[in-house]
There are 2 protein chains.
Amino acid sequence: MSRARQTVTLTADLVILTIRDGMLSVLLVERENEPFRGRLALPGGFLRGDESLEQAAARELVEETRLDAGALRLQQVGIYSAPGRDPRRPRVVTCAYLAIAPDLPVPVAGSDARAARWVPVIEAADPGLAFDHDCILADAVDLARTLLQFSTIATAFCGPEFTIGDLREVYEIVWGVGLDKPNFHRKVTDTDGFIVPTGGKRSSFTGRPAALYRAGGATELVPPMMRSRFGA
Amino acid sequence: MSRARQTVTLTADLVILTIRDGMLSVLLVERENEPFRGRLALPGGFLRGDESLEQAAARELVEETRLDAGALRLQQVGIYSAPGRDPRRPRVVTCAYLAIAPDLPVPVAGSDARAARWVPVIEAADPGLAFDHDCILADAVDLARTLLQFSTIATAFCGPEFTIGDLREVYEIVWGVGLDKPNFHRKVTDTDGFIVPTGGKRSSFTGRPAALYRAGGATELVPPMMRSRFGA
DNA sequence: GCAAAAGTGTTATTGGTACACCCATGG
DNA sequence: CCATGGGTGTACCAATAACACTTTTGC
């Protein structure tokens, strides 16, 4: 029987990352049904008949965060197909997608009544997530760290307008390192299309006001952003 | 009806790349059944009940090439789930895996009777492959080019022993550029764990004999291999 | 003035590019 | 000796790392 071709159930799971209170955080939902009732899990849903997996992931993203998936860049993390990973049915295979969101005002209750909330990534593995979502989350965070290095996606963590200091904080928090402020400033301003000045300034509580920028048109970051030691 | 959860058929397709006669080539099989009867397609097969997709891909690889998947590094290219991509059934979703193989002695007829043969990648798109395999192949070749830049996987194109010139040819053929010989030599010898000398030498028809090397233990290539202009 | 954050200048070092040049072998 | 590919030396250049220093705000 194991040699026979068979059908499987396909789901798309989302790893929506943001930065809240200086911590890399992920949107998790509390499961209301068995198995793993009461445990936290990544938001996700079943593939429908008229859509691709990426479209399913985009639909989930809108339901959970009200963010337009077209504006965000949805990145495929990988496919998880180990037999028995879902106790409910013999074969439930999932494809995980990474989305990076700005700090949203609200725990964004989805259109469905599930209780969604932001959880710092370091706390997410505490009792452990449902299914193999710990593994998926770890892979997605790894991917996010790599994307920061080679793409301009770090701006997706910020709002429409941000300072270079905001952007540097994104790198420092996601990578868990300190970056040299002067060198970072030059790097992002010298890279064509990374950020463009809006002309505005923002005064923080203390210190000199910082110039405001918005995301530029470039998506690739060449040369890549290097991870230095500690200069914060 | 389109909102209902449904089951799909899952397959694992393989993009097995090698270098033959100085050309990047891919292993293709001729389809014996409709649809796309007589057209070339990527080797692949249905997921069985007791295995993951990666295991299914590894099994296919052994069947097609007799290569141990454990020795090779199987890389996930992506998932292809557009509705209607397979005319046979409403939903057939495939996950594509990239394998890089040394130049094998034989067109390696698989254990099944399918006629498998190596086809240069530039010729593969000539009448077009079956299904969306043109797209999968293009994505896999892109991935291979990127992997050559950031990993040591280029050695997988070579046999157990190879010269630095052999390795340089791999880069030149896959990237379609010429590389500076002296700089390439230093780059690979200076990178710890990329290649290790075996002590042997190989005399070609002409010129000074080249030292032989085997693949080292490193998998990542830092700093990455750069694509220069043309110095061949 | 002082603290704090933004932003500029300058130097040392690392690593890639280009290319001249020598080495070892077959014919 | 000559052609050919293997391999070394070296000058130059681009980009990063480290850090001193100036600027502009709030208090």
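Chain identifiers are assigned alphabetically (A, B, ...) following the order of the sequence lines, protein sequences preceding nucleic acid strands; residue numbering begins at 1 within each chain. It should be emphasised that the depicted structure is a prediction, and the values quoted were computed from it without experimental measurement.
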To the nearest Å, give me how far apart CZ (A:R202) and P (C:dA5) are. 14 Å

Mind calculating the distance between CG (B:D180) and P (C:dG15) to the nearest angstrom? 18 Å

Using side-chain heavy atoms (C-beta onward) and a distance below 4.5 Å, is B:W118 in contact with B:L27? yes

Phosphate contact (D:dG5 OP1 or OP2) by B:K181 side-chain N/O below 4.0 Å: no

Are A:Y80 and A:D139 linked by a side-chain donor-acceptor pair shorter than 3.5 Å? yes

For A:P182, answer base if it contacts any base atom (sugar-phosphate contacts may also be present), sugar-phosphate if it contacts only those atoms, and nothing otherwise; contact means non-hydrogen atoms under 4.0 Å. base

When the distance from OH of B:Y171 to C1' of C:dG16 is rounded to whole Å, what number comes out? 15 Å

C:dT17 C1' sits how many Å from B:R227 CZ, rounded? 17 Å

Indicate the atoms forming the closest heavy-atom contact of B:I136 with B:R85, along with that distance. CD1-NH2, 4.3 Å

Rounded to the nearest Å, what distance is computed from the CZ atom of residue A:F184 to the P atom of nucleotide C:dA6? 11 Å

Provide, to the nearest angstrom, the distance between the CG atom belonging to A:N183 and the P atom belonging to C:dT13. 16 Å

B:K201 or A:K187: which one's nearest nucleotide on DNA chain D is closer to the 5' end? B:K201

Angle between ring planes, B:H133 versus B:F131, binned at 30° and 60°: parallel, tilted or perpendicular? tilted

Looking at the side chain of A:R168, which of C:dG7, C:dA6, C:dA3 is the nearest nucleotide? C:dA6

Quick one: does any side-chain atom of B:R168 pair with a main-chain N or O of B:H185 as donor and acceptor, under 3.5 Å? no

Given atom CE of B:M226 and atom P of D:dA14, what is their separation to the nearest angstrom? 16 Å

Let me know the distance between CE of A:M225 and C1' of D:dA15, rounded to the nearest Å. 13 Å

Side-chain N or O of A:H185 closer than 4.0 Å to phosphate OP1/OP2 of C:dT8: yes

Selected nucleotide, minimal atom distance to A:R186 side chain, candidates C:dT8, C:dA4, C:dC19: C:dT8

I'd like to know if the side chain of B:R117 and the backbone of B:E30 have a donor-acceptor N/O pair within less than 3.5 Å. no

In residues 207-217 of chain B, which ones come under 4.0 Å of DNA chain D, going by heavy atoms? B:G207, B:R208, B:P209, B:A210, B:A211

Please walk me through it: do B:K187 and B:F194 pass side-chain contact (heavy atoms from CB on, under 4.5 Å)? CA-CA 10 Å; B:K187 175 74 180 179; B:F194 194 176; over 6 Å; no

